[in-house]
*Asks:* 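To start, I am sharing the structure in question, which I have written as structure tokens.
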Amino acid sequence: MLNKKIADLINDQINKELYSAYLYLDFANYYADEGLDGFANWYEVQAREECDHALMLRRYLINNGIKVTFSSISKPSKSFKDYNAPLQAGYEHEQYVTSLITAIYHEAFEQKDYKTMQFLDWFIKEQGEEETNAEELLRKMKLFGGDAKGLYALNQELAARTYTPSATGPAK
Ligand code: FEO
């Protein structure tokens with residue numbers, strides 16, 4: 001049986017991951033509305049990955065005999081002043097998620113819950129990748145997105161991103 005505080009933190013993290021999916025779909029809505037379907041695609045794929053993260057956390061609780069309880073998912077409240085804004089917000093959001101995962105990991109360490117630490121190793125690595133991806137996207141946009149030709153090329157590049165289920169993640 002998991003320690004209650006750790007179980008509660010993981011339960012909350014399910015909500016945070018689903019919020020991440022909602023946030024990224026909101027970004028996708030914005031870009032789709034602006035005619036930037038490649039950017040929209042990139043965030044649609046990202047949203048699906050966030051749902052995978054939520055499902056993995058949910059499964060971990062269930063596999064450990066914990067009843068999962070859901071709460072409301074907040075409405076994304078971002079309004080964007082330019083095409084860079086969602087990219088910046090996405091990068092900051094990933095840094096925030098990293099801090100949440102790290103806090104759960106820290107609690108597991110304090111409780112000597114090695115099983116949960118091992119489970120969370122995948123998420124620690126994933127967060128490193130997510131932060132890198134978000135930062136690279138922002139950097140590319142700042143470098144190349146300033147004129148129509150560069151923006152067109154970047155939009156084409158982002159249209160090529162495909163979804164791969166997070167099957168390599170922890171099953172339980
Ligand atoms: Fe599930 Fe983007 O962190």
Side-chain angles (χ1 to χ4, degrees), residues 2 6-32 36 38-64 66 68-78 80 83-109 113 115-141 157-172:
L2 294 180
I6 291 174
D8 287 349
L9 285 169
I10 294 175
N11 198 113
D12 285 349
Q13 190 62 30
I14 296 172
N15 184 276
K16 298 289 197 297
E17 299 291 342
L18 291 173
Y19 173 77
S20 298
Y22 213 34
L23 180 71
Y24 292 145
L25 282 178
D26 194 51
F27 292 1
N29 292 341
Y30 165 75
Y31 285 121
L36 289 167
F39 285 76
N41 172 67
W42 198 91
Y43 277 112
E44 284 162 17
V45 171
Q46 190 61 36
R48 295 180 76 182
E49 289 195 1
E50 300 301 348
C51 289
D52 283 348
H53 301 167
L55 290 171
M56 285 180 214
L57 294 162
R58 174 182 170 274
R59 176 50 55 190
Y60 183 70
L61 290 184
I62 290 171
N63 287 349
N64 282 280
I66 304 291
V68 175
T69 52
F70 284 163
S71 48
S72 304
I73 300 168
S74 303
K75 180 182 184 302
S77 59
K78 305 276 181 202
F80 309 114
Y83 297 151
N84 283 2
L87 308 181
Q88 178 68 41
Y91 178 43
E92 288 169 11
H93 183 70
E94 285 306 328
Q95 290 175 309
Y96 167 64
V97 173
T98 297
S99 76
L100 297 173
I101 296 289
T102 303
I104 306 172
Y105 198 95
H106 180 73
E107 189 59 32
F109 175 77
D113 180 352
K115 182 178 171 177
T116 296
M117 287 167 68
Q118 190 176 43
F119 168 73
L120 290 174
D121 279 343
W122 185 90
F123 285 87
I124 297 281
K125 183 166 176 280
E126 175 74 3
Q127 278 314 120
E129 289 172 10
E130 299 234 311
E131 280 194 42
T132 299
N133 292 342
E135 188 182 15
E136 276 181 3
L137 184 51
L138 183 61
R139 190 162 355 108
K140 273 187 191 174
M141 184 63 170
E157 180 185 323
L158 300 185
R161 185 181 185 190
T162 55
Y163 167 69
T164 307
S166 302
T168 52
K172 49 179 157 178

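Whatever order the structure lists them in is the order used to number ligands and atoms, beginning at 1.
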*Asks:* Partners of E107 by salt bridge (charged side-chain N to carboxylate O under 4.0 Å, His left out), sequence neighbours excluded?
*Replies:*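 E107 satisfies salt bridge (charged side-chain N to carboxylate O under 4.0 Å, His left out) with K5 once adjacent residues are dropped.
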*Asks:* With salt bridge (charged side-chain N to carboxylate O under 4.0 Å, His left out) as the criterion, how do E157 and K140 come out once you've worked through the C-alpha distance, each side chain's angles and the decisive distance to 0.1 Å?
*Replies:* CA-CA 11 Å; E157 180 185 323; K140 273 187 191 174; 2.4 Å; yes
*Asks:* Would you say CZ of F80 has more than 12 non-hydrogen atoms from neighbouring residues, nucleotides or ligands within 6.0 angstrom?
*Replies:*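 Counting other residues, nucleotides and ligands, CZ of F80 exceeds 12 neighbours.
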*Asks:* Checking side chain to side chain donor-acceptor pair (under 3.5 Å) for the pair Q127/E131: CA distance, chi angles, key distance, verdict?
*Replies:* CA-CA 6 Å; Q127 278 314 120; E131 280 194 42; 5.2 Å; no
*Asks:* Hey, are K16 and E50 close enough for a salt bridge, meaning a charged N less than 4.0 Å from a carboxylate O?
*Replies:*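 Between E50 and K16 there is no salt bridge, as every charged N stays at least 4.0 Å from the carboxylate O atoms.
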*Asks:* Mind listing the protein N/O/S atoms less than 2.8 Å away from atom 2 (Fe) of ligand 1? Waters don't count.
*Replies:*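 Protein N, O or S atoms closer than 2.8 Å to atom 2 (Fe) of ligand 1: E50 OE2, E94 OE1, E94 OE2, E130 OE1.
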*Asks:* Do you know which of F39, Y43, W42, Y91 makes ring pair (Phe, Tyr, Trp, His ring centres under 6.0 Å) with F27?
*Replies:*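 With F27 as partner, ring pair (Phe, Tyr, Trp, His ring centres under 6.0 Å) holds for just one option, Y43.
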